[in-house]
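Note sheet for the following structure.
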Amino acid sequence: MRASRLLSLLLLLQTRGRMTARDLADELEVSVRTVYRDVESLSAAGVPVYADRGPDGGYRLLEGYRTRLTGLTTGEAESLFLSGMPGPASQLGLGDVVAAAELKLMAALPPDLRSRAARIRERFHLDAPGWFRAPDDVPHLQPVADAVWNQQRIRVLYRRWAHPQQVERVLEPIGVVLKAGTWYLIARAHHPDTPQPGTPPADTAPADTAPRTYRVSKILTLQPLPQRFERPPGFDLAAYWDAYATRFEADSYRDQATVRLSPDGLQRAALLLPPVMARAAHDNAGPPDPTGWTTVTLPVESLRHAHVEFLKLGADVEVLDPPPLRAMMADTARALADRYLH
């Protein structure tokens, strides 16, 4: 640990120039006294560290000095794909590793490229979660990620929509996906609750061939198992997720509704309706009628969901079809009128 901290201190001075003992202590999460001792150790080892006195003083390296001890550890190299997502990296338990990898990369860059890399960080930032929603509570995300990496089976108690809601599964985790702030596990499943006669125990039986998708926040308990597994040959996580997302949207929006939208309603639909409905409103909109209203057919999940979504548009939408949905909108309009006009 101390050798790693000494290297981090050296790289901080190399990448940032002059730093006070307090700044170094804050970065390294140690006491100022520890920084003093570490600087003395570096000096004793021949590293040209100098202390500038005065209110603008601090520690710095001799001009032109550069260490070559910037090799990435295995964990740091593996974490580089998360370097632009500090929040997800922290959730996966890789926050410190990513920070160390970035520091080593910055130290290895020549000064001109280092300054450009710093400007990129100042001007571009990725915030994965969507608006107006808190991220999922994912207490089991780190053991899930470990199981994915180590190709290790896990036994989970999972809460789903169907009955029975709580089911036990033995999973072979093959990937994790972060979608709009929500973590998903891609895994092949066993069914320990429904063993087949004459088959070996679920812990050793082969998994279902097709991968399935599980929301990590719905995992209630998790137990790592000693058995390891082989990943499906040629499995492409990105391609799987693209196909799954397309299929999920198609399966979710099986019904249709025909509506009229005012000019303001057509614009507000892009902001207030779910993405699938908003895209359809834009793509399917025909020419406006003499009053400026546009008739468009939109995909909907169900009458109940469509009722809630169309209420967001207020008087700027008129449902034409199906009749039950039009009746639901009319009932709500009458109830609102009774509430506010009497």
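No continuous path of ILVMFWY side-chain contacts below 4.5 Å connects I174 to V176, so the two sit in separate hydrophobic clusters. Note: the hydrophobic cluster containing L61 also contains L28 (ILVMFWY, side chain heavy atoms under 4.5 Å, direct or indirect links). In the hydrophobic clustering of ILVMFWY residues, with side-chain heavy atoms under 4.5 Å counting as a link, L178 and I219 come out together. There is a path of hydrophobic side-chain contacts, each under 4.5 Å, that joins L42 to V32.
Residues Y59 and Y50 place their aromatic rings such that the two centres sit no closer than 6.0 Å. Note: Y214 and Y184 fail the aromatic proximity criterion, with ring centroids not under 6.0 Å apart.
Considering every non-hydrogen atom in both A315 and W293, the closest pair reads O-CH2, 3.4 Å. Nearest approach of L303 to L325, heavy atoms of both residues: O-CD1, 3.7 Å. For the pair Q256 and P322, the tightest heavy-atom approach, listed with the atom from each and the gap, is O-CD, 3.7 Å. Between P211 and R188, the shortest heavy-atom contact is CA-CG, 4.2 Å. Contact record, F310 with A257: CE1-CB, 4.0 Å, taken as the closest heavy-atom pair. In terms of heavy-atom proximity, W241 sits nearest to K179 at CZ2-CB, 3.8 Å.
No side-chain N or O of S31 forms a donor-acceptor pair with one of Y36 less than 3.5 Å apart. Looking at S262 and D264, their side chains never bring a donor and an acceptor atom within 3.5 Å of each other. A donor atom on one side chain and an acceptor atom on the other are not found under 3.5 Å apart for D38 and S41.
Without hydrogens or angle criteria, D23 side chain to M19 main chain gives no donor-acceptor distance under 3.5 Å. Of the possible donor and acceptor atoms, none in the side chain of Q166 sits under 3.5 Å from a partner among the backbone N and O of L157.
Ion pair E27/R16 flagged as a salt bridge, since at least one NZ, NE, NH1 or NH2 atom sits closer than 4.0 Å to an Asp/Glu carboxylate oxygen. Ion pair D26/R22 flagged as a salt bridge, since at least one NZ, NE, NH1 or NH2 atom sits closer than 4.0 Å to an Asp/Glu carboxylate oxygen.
Contact of the Q151 side chain with the R231 side chain is registered, since non-hydrogen atoms from C-beta on lie closer than 4.5 Å. Here the side chains of I186 and P173 are not in contact, with every heavy-atom distance at 4.5 Å or above. You'll find the side chain of D289 stays beyond 4.5 Å of the side chain of T294, heavy atoms only.
For residues 310-326, the set of pairs meeting the salt bridge (charged side-chain N to carboxylate O under 4.0 Å, His left out) definition, not counting sequence neighbours, comprises R260-E318, R268-D316, E309-K312, E318-R326. Counting only residues at least two apart or in different chains, salt bridge (charged side-chain N to carboxylate O under 4.0 Å, His left out) contacts with residues 291-301 are absent.
In this structure, F248 places its CZ atom where only 12 or fewer heavy-atom neighbours from other residues, nucleotides or ligands lie under 6.0 Å away. Remark: R304 CZ is loosely packed, at most 12 non-hydrogen atoms of other residues, nucleotides or ligands lying under 6.0 Å away.
Going from atom CZ of R153 over to atom CD of Q223 covers 13.5 Å, rounded to the nearest 0.5 Å.
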